Amino acid sequence: MVYNKNQNIDESSENMDELAQNIGEPVQDVDTSAADQKTEESGGGMTGPESNQVKAESESDQDNYEDVDIGFSFENTSNIDVPKLLIDQVLGQEHAVEVVKKAAGQRRHIMMIGTPGTGKSLLAKAMAELLPKEELKDILVYPNMEDLNNPKIREVPAGKGREIVMAHKMEARKKAQARNMLMMLFVVGIIIYSYFVYELIWGIIAGIMILMLTRQFLPKEEMMIPKLAVSNYDKEHAPYIDATGAHAGALLGDVRHDPFQSGGLETPAHDRVEAGDIHKAHKGVLFIDEINTLRLESQQSLLTALQEKEYPITGQSERSSGALVKTEPVPCDFIMVSAGNLDAVQKMHPALRSRIKGYGYEVYMQDSMEDTPENRKKMVRFVAQEVVRDGHIPHFNEGAVEEVIREARRRAGRKGHLTLKLRDLGGLVRVAGDVAHSEGAPLTTAEHVLAAKRIARSIEQQLADSYLEHRKEYESFLRKGSAVGRVNGLAVMGGDSGIVLPIVSEVTPAISGAEGRIIATGKLKTIAKEAVQNVSAVIKNMTGMDISRHDIHIQFVGTYEGVEGDSASVSIATAVISAIEKIPVDQTVAMTGSLSVRGDVLPVGGVTYKIEAAAQAGMKKVIIPKSNEADVLIEKAYKEKIQIIPVSSIAEVMEHSLVGPKKNSIIEKLRNITKINFDIPEVSPASVQAKNLFGCRN
Ligand SMILES: Nc1ncnc2c1ncn2[C@@H]1O[C@H](COP(=O)(O)OP(=O)(O)OP(=O)(O)O)[C@@H](O)[C@H]1O
């Protein structure tokens, strides 16, 4: 089934030619039609004999993008069975599922590393369902008459704690009632006696004083009632406690401050004890996302709790009366599921990491799965699950599910894969359902999903649109003609929104006698800075240009949020070479690619989003790394707007981006140096994933 997706395209890009103006750099109007014709003849911009074949292949890929063969027919997702157990609802994380099942049986800790929204907390919840309910316990805090500041702790079977507290309350009430009755009789006796022997007023005064003294000195039954610190009454399964971002008190337990402390109005110490997440997770699962954000002291205490399986509760604030109180050790035999990205591993307390390594499993979460009939079926089930979980939106018909799968392909960013960033995809399902619901439609259809795609745009996508509008309005990038030292680079924001990132270079003589410098501006972060250094190596070593007495300025225009990643290195190299050699760059071309120090163009992330951004911005051609070619899944309407040029080397980049006769000599130079190794080694999906995890975005 094919739907018209043209609604998604920003139509304003139609009139962009009128807007192109000279900004800062001298712009030359160059007739590029000859070059266009040449690229068309050579098979859509590719050079070499395999170009026609590649074109045919990419066409068939793009057709695949349109067709979604689920392999079976269904009326709507209400006909799809949703598994009862959460573990059976998890998609595409077979390894993690296996580990969770194993770890639940052996009570082992797990660390899950991977992209947000791929099911880490879902798996932790699923693990809690797998733990035996019979082992659950309640935890009671009792007063310790020998040392009131050291309350006693008792562990009882789940549900029993509530019964014990109720029994104590009943007992206390009965005792209090009997005592009060006796006291009343005594006081009435005194008043009557006074009335007859002395005067009534003395009897009333004596009665009030006796009542006050009794309140002060007689035992207070309420104070002896234990506190139910952890209750598992009526729990369907073992507890799942999410301690993400918890402060020390919430994580390890706390003792509340008592402003009265004495004089009969105080609250007994045991009654002020509050269990922490580690105690509430006793016999269950404690989930901590971004564990590295916990303070080091909290991580240390967590480690003690993991080792000892019990941890006393004390007041966390030194200035509180709660700090005087410390309970007996409180049981906390939980399974810890920690999660995060690679950063979490690096910044985590080494002893805690080593404990998990030694007594548990580490799992790397997948962020895409193969686009097979089996997995497409799972995607159908996913949509059904999300509809059921939401509980308010109408079920999806077959066409709507196909549209969701199409989007899953696009978001995967890898040929033949479906995304596993399912939280975001679930968001699309919910918005589509909301659209259908607001229209009163009985089922969610493909049109609702398409409408949802327009509505449910991430902040980054909206920001990217706003950038594009501003940049068009203020002509921050050119879309016509050519300019020296100016390149339309491409970047990704937030993982799913492409933007045009203009890069400008200028070469100026260095201060007399001083060594030339490379000055890059635009809030560059570590990898981007390194990329600039590598590019300078390419320029020095490969072109043989003498730049030792020149300063090379590289400016990333309008990058107020900073730049990270190395995928602009091809654009930087082009801008700098253009500036040094005074060869103009075709401004109808946008480009992305990582550059090796040998001049090879290496793959980058987010290539589909970048191409779409280039098309939306009005570019005519986009240069991408050849090894990313298979990842391109752009929507049909964009395909008609832009020509994709896959390249393997910097020489090819120059061929397709520089204009004018002077370009041939530089291309020749670059070709001679890079021809030794034109074949780029296949990049493993894992390395691209790792790169994404480390946040390489531009
Ligand atoms: N692999 C999956 N299978 C089925 N549903 C999933 C999967 N991954 C995510 N989801 C859906 O997305 C929701 C959010 O996922 P979850 O909170 O588990 O992600 P996460 O990896 O823990 O993300 P974060 O690190 O941001 O907390 C789940 O409740 C579920 O609806």
Side-chain angles (χ1 to χ4, degrees), residues 77 80-101 110-130 240-246 285-294 336-345 347-348 362-372 374-393 396 401 404-405 407-408 411-412 417-433 456 458-460 494-496 689 692-693 695:
T77 47
I80 307 294
D81 284 338
V82 173
K84 277 207 170 59
L85 279 179
L86 283 178
I87 196 78
D88 299 325
Q89 292 186 11
V90 178
L91 265 78
Q93 306 289 357
E94 284 74 21
H95 175 56
V97 167
E98 196 188 321
V99 166
V100 163
K101 285 182 180 166
I110 307 184
M111 175 142 82
M112 294 178 190
I113 296 299
T115 316
T118 49
K120 297 185 286 295
S121 65
L122 182 68
L123 278 159
K125 272 183 214 149
M127 189 179 197
E129 280 186 358
L130 299 178
Y240 161 83
I241 305 291
D242 187 346
T244 305
V285 172
L286 182 77
F287 176 72
I288 308 181
D289 205 356
E290 303 298 340
I291 189 159
N292 55 312
T293 58
L294 280 185
M336 187 169 85
V337 179
S338 49
N341 55 24
L342 280 175
D343 211 32
V345 182
K347 295 193 185 144
M348 188 173 173
E362 294 187 335
V363 181
Y364 179 70
M365 302 291 288
Q366 300 301 315
D367 57 15
S368 68
M369 62 180 177
E370 274 187 53
D371 185 5
T372 60
E374 191 57 31
N375 286 340
R376 288 196 287 274
K377 267 185 212 163
K378 288 183 187 166
M379 274 288 174
V380 179
R381 198 193 73 210
F382 167 73
V383 176
Q385 280 170 199
E386 293 298 306
V387 172
V388 170
R389 193 164 293 155
D390 184 89
H392 298 290
I393 56 177
F396 279 46
V401 175
V404 173
I405 296 176
E407 185 61 15
R411 292 187 184 191
H417 279 74
L418 298 167
T419 185
L420 281 174
K421 291 177 201 160
L422 294 178
R423 179 182 312 117
D424 293 353
L425 203 65
L428 179 70
V429 169
R430 273 180 289 283
V431 177
S458 66
I459 294 286
E460 287 84 2
D496 63 357
Q689 275 182 0
N692 291 338
L693 272 170

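Side chains are part of it too, since the values below use all heavy atoms of this structure and drop only hydrogens, waters and symmetry mates. All values derive from a computational prediction rather than experimental measurement. Remember, it's 1-based here, ligands and their atoms both numbered in the order they're listed.
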Tell me the contacting part of Met112 for ligand 1: side chain, backbone, both, or neither, using a 4.0 Å heavy-atom threshold, strictly below. neither
Look at atom 9 (C) of ligand 1 and find which of Ala124, Gly117, Ala126, Gly427 reaches it with the closest heavy atom. Gly117
Nearest to atom 25 (O) of ligand 1, what protein heavy atom do you find, and at what distance? Asp289 OD2, 3.0 Å
Looking only at protein heavy atoms, which one is nearest to atom 4 (C) of ligand 1, and what is the separation? Gln89 O, 3.4 Å
Working for side-chain contact (heavy atoms from CB on, under 4.5 Å), residues Met112 and Val337: CA-CA 7 Å; Met112 294 178 190; Val337 179; 3.9 Å; yes
Which side chain to side chain donor-acceptor pair (under 3.5 Å) pairs, counting each pair once, include a residue from residues 377-387, with sequence neighbours left out? Glu94-Lys378, Arg381-Gln385, Glu386-Arg389, Glu386-Arg430
Would you check the N or O atoms of Leu91, main chain and side chain alike, for any that come under 3.5 Å of an N or O of ligand 1? yes
Hey, does Arg389 sit under 4.0 Å from ligand 1 if you only count heavy atoms? yes
Using a plain distance cutoff, I'd like to know if Phe382 has any nitrogen or oxygen under 3.5 Å from a nitrogen or oxygen of ligand 1. no
Please state whether Ala339 comes within less than 4.0 angstrom of ligand 1, counting heavy atoms only. no
Minimal non-hydrogen separation, Met365 against Ala96, with atom names: SD-CB, 4.1 Å
Hey, does Gly119 come in under 3.5 Å of ligand 1, counting only N/O atoms on both sides? yes
Among protein heavy atoms, which sits nearest to atom 11 (C) of ligand 1, and what does the distance come to when rounded to 0.1 Å? Glu386 OE2, 3.9 Å
Using a 4.0 Å heavy-atom cut-off, say whether Met365 meets ligand 1 through its side chain, its backbone, both or neither. neither
For atom 2 (C) of ligand 1, which protein heavy atom lies nearest, and how many Å away is it? Leu422 CD1, 3.4 Å
re atom 21 (O) of ligand 1, the protein heavy-atom contact at minimum distance is Lys120 N, 2.9 Å
Among Gly92, Ser121, Ala96, which residue places a heavy atom closest to atom 17 (O) of ligand 1? Ser121
What protein heavy atom lies closest to atom 24 (P) of ligand 1? Include the residue and the distance to one decimal. Arg423 NH2, 3.1 Å
Please table the atom pairs, donor to acceptor, closer than 3.5 Å between any side-chain atom in residues 116-128 and protein atoms at least two apart or in another chain.
| unit_1 | atom_1 | unit_2 | atom_2 | d |
| --- | --- | --- | --- | --- |
| Thr118 | OG1 | Thr115 | O | 2.7 |
| Lys120 | NZ | Gly114 | O | 3.2 |
| Lys120 | NZ | Thr115 | O | 2.8 |

What is the closest protein heavy atom to atom 5 (N) of ligand 1, and at what distance does it sit? Leu122 CD2, 3.5 Å
Just by distance, do the side chain of Thr77 and the backbone of Ile80 share a donor-acceptor pair under 3.5 Å? no
